[in-house]
Amino acid sequence: MAETTPFYITTAISYPNGRPHIGHAYEAIAADVIARFQRLSGRRVRFQTGTDEHGLKMARKAEEQGRTPSDLADEMSGYFREMCDALNVSYDRFIRTSEPDHHRASQAIWQAMEASGDLYLDRYEGWYSVRDEAYYDASELVEGEGGEKLSPQGTPVEWTVEESWFFRLSKYEGQLLELLKSPGFLEPASRRNEMIAFVELGLRDLSVSRTSFDWGVKVPGSDGHVMYVWVDALTNYLTGLGYPDDMGDMWPASLHLIGKDIVRFHTIYWPAFLMSAKLPVPEKVFGHGFLLNRGQKESKSLGNVTDPLELAERFGVDALRYFLMREVAFGQDGSYSPEAIVLRANAELANSFGNLAQRTLSMIAKNMDGRLELFEDQEVDRRLRGDVADACRVQLPRDFENLSFSTGIEAWLRAVYACNQYVDEQAPWALKKTDPARMKAVLQTLFVALRDLAIAIQPAVPSKAAALLDQLGIPEGERSYAALADTDWFNRLVASGFTVAPPTPLFPRLELPAEDA
Ligand code: ME8
């Protein structure tokens, strides 16, 4: 087999200080769509997600609940993993930063930064936001409604004074600017200017250890110090590959997928740590937008927090995945509501794609005894197949490669609509008596189109696409994007004697539950 290109994709690791919310589900699903897309495109994919368990935020939440941070992390991390499994997220490793190999990796990168002369002991005096686990310069703070000081993210800050290790972030200003300006490193481009402006204001050295609590990775050779949680958190991307041992060919990461609120950590701090440790920087960081509930941020106080598993149970995992990738222009903020999910799932999945499969396969089962045979096509058939092939082989893959999921799905959906229009125009049910040969040609043209449509959409709706490909008799090994270019598959399928069974509907029509109507 030919050498395959490695593709290493990661999500942010979530704080397990509570249960997962829809934003976590959104990021995990998007990363999974990318991982599946890259696998189908023939790349050797490694996909990592997990939980970020150290730091003051976790320590305080545990204290509030009268339990240990490790107990809190154990329980909540389990829910995050459960969420990923329930949403069909195909991670290779679910990392927990409390795991021993992660402590080892974090201490190793610390020592590498120390060896570069980039760590020194001093006293930190300044503002800290526990919610963001972030230090802020006084000049960045904004005023809250009651006159209190808030971080630029609107979270409370507290004045902090403690002895701490510092990282010479200032030393990397020039290299970071160059990196941030290099095309493709940080996307979408709109996030780039903000980061460039931040570096251009001048970087201060970063406090990278804490002494006022001990829930973290111990600083090697410095009793009483634990690492600043972001130092260890970011290192998770290396831990999963075996750092400090041989990481194989997966590093640098192809893509860190994160939300827009943590771009600074991933495109300034992280590359600087890596440069200091003499490791290559990631190829790309993508900061996706935020998902809002009917246009509003979810919060406990508003009482509008949605359990993503409940949504998945109510509407189906694939309908939820499809909705999120279809609805939101990736990179921008998006909004969801039960009505919007139901509307799209019914119009696009149930009535358009599902119905196309249902009509076609039941007519083949009924009117052709499920048997496929070679057929003569006409210009109109070839045109439809050409349009479908173009959407499935060219447009969707090109858009997915560029992380433009909604436009890729739109191209696919146009092909679905074209198929439905073709069924209506060709009216195969009427041809049954008048021209059975032509009826067979029409139904099999649709069969061929369905196979392309099902292969292409696999990353977004993996279970439903697999169910359809099963119904179409497409062998497991012939479902990659490369297989789309195979011109002989239909002949082989006919020769194999495969018969189409009466189909079961793929996408049930969803009802809007009364409480949301
Ligand atoms: O930031 N919509 O963890 P986290 C979309 N532990 N994405 C959202 C979102 C929303 N409403 N809310 C949060 C952390 N996110 C750190 C990361 S990485 C080394 C450490 C995204 O649990 C958020 O942007 O607060 C982030 O990418 C991820 O969910 C985890 O957020």
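Every number for a ligand or one of its atoms is a count from 1 in the order of the listing.
Look at Asp32 and Arg36 and you find a salt bridge, because one of the NZ, NE, NH1 or NH2 atoms lies within 4.0 Å of a carboxylate O, short of that distance.
Listed by chain and number, Ala12, Ile13, Ser14, Tyr15, His21, Gly23, His24, Glu27, Asp52, Trp230, Ala233, Leu234, Asn236, Tyr237, Ile258, Gly259, Asp261, Ile262, His266, His288, Gly289, Phe290, Leu291 each place a non-hydrogen atom less than 4.0 angstrom from ligand 1.
Distance alone, capped at 3.5 Å, places no donor-acceptor pair between the Gln111 side chain and the Pro220 backbone.
The list of ring-ring contact (aromatic ring centres under 6.0 Å, His included) pairs with a residue in residues 22-77, not counting sequence neighbours, reads His21-His24, His24-Phe80, Tyr26-His288, Phe37-Phe400, Phe37-Tyr481, His54-His103, His54-Trp215.
Residue Tyr322 holds its OH atom at 10.0 Å from CD of Glu327, rounded to the nearest 0.5 Å.
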Donor-acceptor contacts, no H, no angles, side chain residues 404-411, under 3.5 Å, sequence neighbours left out:
unit_1	atom_1	unit_2	atom_2	d
Thr407	OG1	Asp399	OD2	3.4
Thr407	OG1	Ser404	O	3.0
Glu410	OE2	Arg326	NH1	3.4

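Qualifying side-chain contact (heavy atoms from CB on, under 4.5 Å) partners for Pro156, counting only residues two or more places apart in sequence or in other chains: Arg131.
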